[in-house]
Amino acid sequence: MMKTFIPFLSLRRPRGRGTTVNSDINVKVKSVGERMRIGELSERTGASARSIRYYEQLGLLTSARLGNGYREFDDSAVATVDTIKALIDLGFPTELIQRVLPCTGDAGPAGQDCGVLMRRVAEIRDEMDAKAARLIETRDALTGFLARAETGASVQLGAA
DNA sequence: CTTCTAACA
DNA sequence: TGTTAGCA
């Protein structure tokens, strides 16, 4: 039985506000044993501790607990949070994120319905194409608007 | 000092 | 989501 398993989404997301310092390197170092508390996970992902706890509350992330009640995350949580943030940024409903994550390798274990999910993922991908096309149309409209404005011609957004 | 939960803005 | 309170 070959189970459907999508290696890694490896979604890139803009890091930092104003500073473009990070180049996303998708190196999967299987260094087992690296654990961290919420503070470090927060630093390494850019997600606030508040958000991390919220993601966990939504069932998107799991953690162990230390003796003092502190959350302890596996280093794989970094990739998971990155993926969650990227997915949320893209407008994915958290309900879908919850079901897709196990299929990305960013969070396990893999469910049995990964294949079924791919269809919805494909639909969302197609919707992105549509949105991208509309975005380009709007951008071109703005370009034309700007050009006409400089010429002192018709100053109406939709004008031809 | 860090984290936790809960609650309010 | 941020932030704050009041505890461990």
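Letters A, B, ... mirror the listed sequences (proteins, then strands); counts begin at 1.
Taking atom CD of residue A:Glu56 and atom P of nucleotide B:dA6, one finds them 13 Å apart after rounding to whole Å. Atom-to-atom, CD1 of A:Ile38 to C1' of C:dA8 comes out at 16 Å; the value is rounded to the nearest Å. Separating the OH atom of A:Tyr55 from the C1' atom of C:dG2 is a distance of 13 Å, rounded to the nearest angstrom. One can place CZ of A:Arg53 at 12 Å from C1' of C:dG2, the figure rounded to the nearest angstrom. Rounded to a whole Å, the CD atom of A:Gln57 is 11 Å from the C1' atom of B:dA6. Look at CD1 on A:Ile84: it is 10 Å from P on C:dT1, rounded to the nearest Å. In this structure, CZ of A:Arg50 is placed 15 Å from P of B:dA9, rounded to the nearest angstrom. Spacing between atom CE of A:Met36 and atom C1' of B:dT3 amounts to 16 Å, rounded to whole angstrom units.
Looking at A:Arg120 and A:Glu95, a side-chain N of the basic residue comes within less than 4.0 Å of a carboxylate O on the acidic one, giving a salt bridge. A salt bridge links A:Arg44 to A:Glu34: at least one charged side-chain nitrogen sits closer than 4.0 Å to a carboxylate oxygen.
Taking 3.5 Å as the limit, the base of B:dT3 and the side chain of A:Arg71 contain no donor-acceptor pair of atoms between them. Below the 3.5 angstrom threshold, one finds no donor paired with an acceptor across the side chain of A:Arg37 and the base of B:dT2.
Of the candidates B:dT2, C:dG2, B:dC4, the closest approach to any side-chain atom of A:Ser48 belongs to C:dG2.
Within 6.0 Å of atom CZ in A:Phe92, more than 12 heavy atoms from other residues, nucleotides or ligands are found, so the atom counts as buried in its surroundings.
Atoms CD1 and CG, on A:Ile97 and A:Leu87 in that order, are 4.5 Å from each other to the nearest 0.5 Å. A distance of 11.0 Å separates CD1 of A:Ile52 from OG1 of A:Thr80, quoted to the nearest 0.5 Å. In this structure, CD1 in A:Ile124 is found 7.0 Å from CE in A:Met128, a value given to the nearest 0.5 Å.
The side chain of A:Arg65 places no N or O atom within less than 4.0 Å of a non-bridging phosphate oxygen (OP1 or OP2) of C:dA8. A close approach under 4.0 Å does occur between a side-chain nitrogen or oxygen of A:Ser51 and OP1 or OP2 of C:dT1. Using a 4.0 Å cut-off, no side-chain N or O of A:Tyr54 falls inside it from OP1 or OP2 of B:dC4.
Annotated stems with DNA chain B as a participant read B:4-9 with C:1-6, given as range with range, by first number; only runs of 3 or more Watson-Crick or G-U pairs under 3.5 Å qualify.
In the model, A:Glu56 has a side-chain atom that pairs as donor or acceptor with a side-chain atom of A:Ser63 under 3.5 Å.
In terms of position along DNA chain C, the nucleotide closest to A:Ile88 lies nearer the 5' end than the nucleotide closest to the other residue of the pair A:Ile88 and A:Tyr70.
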